[in-house]
Amino acid sequence: MLNNIQNYIESLFNQSEADFLMYHNLEHTKFVVAKTQEIGADHTLDKTDFLILSASAWFHDAGHLTGGLKFHED
């Protein structure tokens, strides 16, 4: 499932015309995912919790792509 999520988010970023995102971009998202998984691996998480944590990291800035800066938090 994480591979599907990763492919989806990468596709969103690659199809996006959000060139104005200097920080909240795909590279930043990949960095957050890696660090989140690193932290998650140091804790006792079951597979479901680890999936939720990792999926959240992948989606954390996707709002910039669909709603602009104003609706990012939504």
Side-chain angles (χ1 to χ4, degrees):
M1 183 176 286
L2 277 179
N3 285 336
N4 291 339
I5 292 170
Q6 177 179 352
N7 291 338
Y8 176 72
I9 295 299
E10 287 178 349
S11 174
L12 285 179
F13 273 99
N14 290 331
Q15 294 174 12
S16 173
E17 296 180 10
D19 295 335
F20 60 89
L21 296 177
M22 296 181 69
Y23 182 69
H24 298 283
N25 54 33
L26 182 56
E27 292 308 311
H28 165 72
T29 297
K30 288 179 177 182
F31 176 80
V32 170
V33 170
K35 291 302 177 184
T36 300
Q37 291 179 341
E38 183 180 313
I39 293 167
D42 285 341
H43 293 78
T44 306
L45 299 178
D46 63 27
K47 289 181 181 182
T48 300
D49 288 340
F50 190 80
L51 172 64
I52 292 168
L53 180 69
S54 299
S56 298
W58 275 111
F59 279 97
H60 87 277
D61 275 335
H64 281 303
L65 303 175
T66 59
L69 299 176
K70 181 177 180 182
F71 299 106
H72 165 60
E73 297 301 324
D74 295 339

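- Taking CG from D61 and NE2 from H28, the interatomic distance works out to 4.5 Å, rounded to the nearest 0.5 Å.
- Scanning for side chain to side chain contact (heavy atoms under 4.5 Å, CB included) contacts around A57 gives V32, V33, T36, with sequence neighbours left out.
- Under the rule for a side chain to side chain contact (heavy atoms under 4.5 Å, CB included), T44 has no partner lying at least two apart in sequence or in another chain.
- In this structure, the separation between CG on N7 and CG on L2 is 10.5 Å, given to the nearest 0.5 Å.
- For residues 47-58, the side chain to side chain donor-acceptor pair (under 3.5 Å) pairs, not counting sequence neighbours, are Q37-S54.
- For F59, the side chain to side chain contact (heavy atoms under 4.5 Å, CB included) partners two or more places apart in sequence, or in a different chain, are I5, Y8, I9, A62.
- Residue L53 is found in a hydrophobic cluster whose other members, listed by chain and number, are L45, F50; membership requires side-chain heavy atoms under 4.5 Å apart, directly or through intermediates.
- Listed by chain and number, the residues in a side chain to side chain contact (heavy atoms under 4.5 Å, CB included) with N14 are E10, L26 (sequence neighbours excluded).
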